[in-house]
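Worth saying up front: this structure is predicted, and the values here are computed from it rather than measured. Throughout, protein chains are lettered first and strands after them, A, B, ... in sequence-line order, and every chain is numbered starting at 1.
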2 protein chains.
Amino acid sequence: MNKKLLSQNGHRLTKQRCSIFEALDLHPQSVAEIKDVLEKKEETVDKTTIYRTLEYFSQLNLINKTHFNGVTAQYELASPDHHHHLICNNCGSVEDVPLNEKLLLAQVKRKSNFEVKNHSLEFFGLCPNCQ
Amino acid sequence: MNKKLLSQNGHRLTKQRCSIFEALDLHPQSVAEIKDVLEKKEETVDKTTIYRTLEYFSQLNLINKTHFNGVTAQYELASPDHHHHLICNNCGSVEDVPLNEKLLLAQVKRKSNFEVKNHSLEFFGLCPNCQ
DNA sequence: TTAGATGCAAAAGATTTGCATTATG
DNA sequence: CATAATGCAAATCTTTTGCATCTAA
């Protein structure tokens, strides 16, 4: 966990933040899932705190928030290498895959005056186990 | 509106379904937005009916459901030409852009055993008006 | 010590469910 | 006229807000 980021700006490194950060290390998760994971480890954290902490991590660019699974937001650690998701329609598992999308961005530039800041790309289908 | 699809299987072409389908013709919208549009035309339809109708249209592949704007789902008419979205962070407008993603799919195939059924690709940034 | 962080309760927003009533085919 | 579709109320689920209390620095 990036303690540097937390020590500046008067931010505090609390045990709740550590717990939540550790939980995220596993895989992309929703607030409810994070809560369950922590409860099993007897590190119960209120859901409001989880929401606020995830928002806080997002602003520090430590995590990313996605909505590809429907109404419920999923959060995952931001990784330095930009990657995309392979989401299994059957078991819900999420695999990461690094892709080179330079060509796509060039296409957008050619076809529109839109100024792209970032993008999201997800593939849905069947993972090796569920095929 | 595709009356053929509705006349088979005992499906019924009701005035609510026609109203909702017309509203979707405008641009991708949420249930609340559809409701507002219809209310202004004095064609008030209950939100439950809108949800059920959109689910029904989805199953007939007449529309697609996305979650790129957060918790609230957006629905848009399915168009035969596969395209992607340019979503303005400032005004929320959605522009469509057709892209050739064959190269991406080939990359996925090379890097994983995942069996891709479909995908979603969205770009976020600033539209020409908001730059 | 003190401002930032947490927990609890309650509100707000999105979606779903149950059931009686309506209206299409 | 049979049953698919609708409307209304209430439930459920996710997220946000307000406020008193706690605690890291």
Item to check | Euclidean distance, atom CZ of residue B:F57 to atom P of D:dA5 [Å, nearest integer] | outcome: 11 Å
Next on the checklist: Rounding to an integer number of Å, can you tell me how far A:F21 CZ sits from C:dA5 P?
Outcome noted: 16 Å
Checklist entry - Using a cut-off of less than 4.0 Å, is there contact between a side-chain N or O of A:R17 and OP1 or OP2 of C:dA5? => result yes
Checklist outcome for this item: Of the candidates D:dA24, D:dC8, C:dC8, the side chain of B:T48 sits closest to D:dC8
Checklist entry - Side-chain N or O of A:Q16 less than 4.0 angstrom from OP1 or OP2 on D:dT23? => result no
Checklist outcome for this item: Residue set satisfying side-chain contact (heavy atoms from CB on, under 4.5 Å) with B:T44, at least two apart, ordered chain then number -> B:K35, B:E39
Item to check | Selection: residues 28-46 of chain A, any non-hydrogen atom under 4.0 Å of DNA chain C | outcome: A:V45, A:D46
Next on the checklist: Whether A:T14 contacts C:dT6 is assessed here as follows: a side-chain N or O lying under 4.0 Å from the phosphate OP1 or OP2. Is that the case?
Outcome noted: yes
Next on the checklist: Can you tell me which nucleotide in C:dT6, D:dA25, C:dT17 comes closest to the side chain of B:R52?
Outcome noted: C:dT17
Checklist entry - Does B:Y51 place a side-chain N or O at less than 4.0 Å from the phosphate oxygens OP1/OP2 of C:dT16? => result no
Checklist outcome for this item: In whole angstroms, the gap separating P of D:dA5 from CD of B:E55 amounts to 13 Å
Checklist entry - Looking at D:dA5, does its base get a donor-acceptor pair with the side chain of B:R12 below 3.5 Å? => result no
Checklist outcome for this item: note: A:H67, atom NE2; C:dT15, atom P; distance rounded to Å ~ 11 Å
Item to check | Residues clustered with A:L126, ILVMFWY side-chain links under 4.5 angstrom | outcome: none
Next on the checklist: Quick check: do B:L54 and B:I34 have side-chain heavy atoms less than 4.5 Å from each other?
Outcome noted: yes
Item to check | A:I50 CD1 to C:dA5 P, straight-line distance once rounded to whole Å | outcome: 16 Å
Checklist outcome for this item: As a check of understanding: the bend across the helix from C:dT1-D:dA25 to C:dG25-D:dC1, end axes from five pairs, rounded to 10 degrees, works out to 40°
Next on the checklist: Whole angstroms only, please: what is the NZ-C1' distance between A:K47 and D:dC13?
Outcome noted: 11 Å
Item to check | Option passing side chain to side chain contact (heavy atoms under 4.5 Å, CB included) with A:Y75 (candidates A:N64, A:T53, A:V31) | outcome: A:V31
Next on the checklist: B:E22: which residues meet the salt bridge (charged side-chain N to carboxylate O under 4.0 Å, His left out) condition with it, sequence neighbours left out?
Outcome noted: B:K41
Item to check | For B:K117, all residues meeting salt bridge (charged side-chain N to carboxylate O under 4.0 Å, His left out), sequence neighbours excluded | outcome: B:E115
Next on the checklist: Please enumerate all residues that pass side-chain hydrogen bond (donor to acceptor under 3.5 Å, both in side chains) together with A:D46, with sequence neighbours excluded.
Outcome noted: A:T48
Checklist entry - Under the 4.5 Å side-chain heavy-atom rule for ILVMFWY, direct or indirect, which residues accompany B:V71? => result none
Next on the checklist: Could you tell me if B:S19 and B:E43 have a donor-acceptor pair between their side chains, going purely by distance under 3.5 Å?
Outcome noted: yes
Checklist entry - Quick one: side-chain hydrogen bond (donor to acceptor under 3.5 Å, both in side chains) pairs with a partner in residues 102-111 of chain B, sequence neighbours left out? => result none
Checklist entry - Atom NE2 of A:H11 and atom C1' of C:dA3: how far apart are they, to the nearest Å? => result 12 Å
Item to check | Residue pairs, two or more places apart or on separate chains, that pass ring pair (Phe, Tyr, Trp, His ring centres under 6.0 Å) and touch residues 94-113 of chain A | outcome: none
Checklist entry - Rounded to the nearest Å, what distance is computed from the NZ atom of residue A:K65 to the P atom of nucleotide D:dT14? => result 14 Å
Checklist outcome for this item: Within residues 70-78 of chain A, those residues having any heavy atom closer than 4.0 Å to DNA chain D are A:V71, A:T72, A:A73
Item to check | ring pair (Phe, Tyr, Trp, His ring centres under 6.0 Å) pairs, two or more places apart, involving residues 91-119 of chain A | outcome: A:H82-A:H119, A:H84-A:H119, A:H119-B:F123
Checklist entry - Where the side chain of B:T49 is concerned, which of C:dA23, D:dT23, D:dG7 is the nearest nucleotide? => result D:dG7
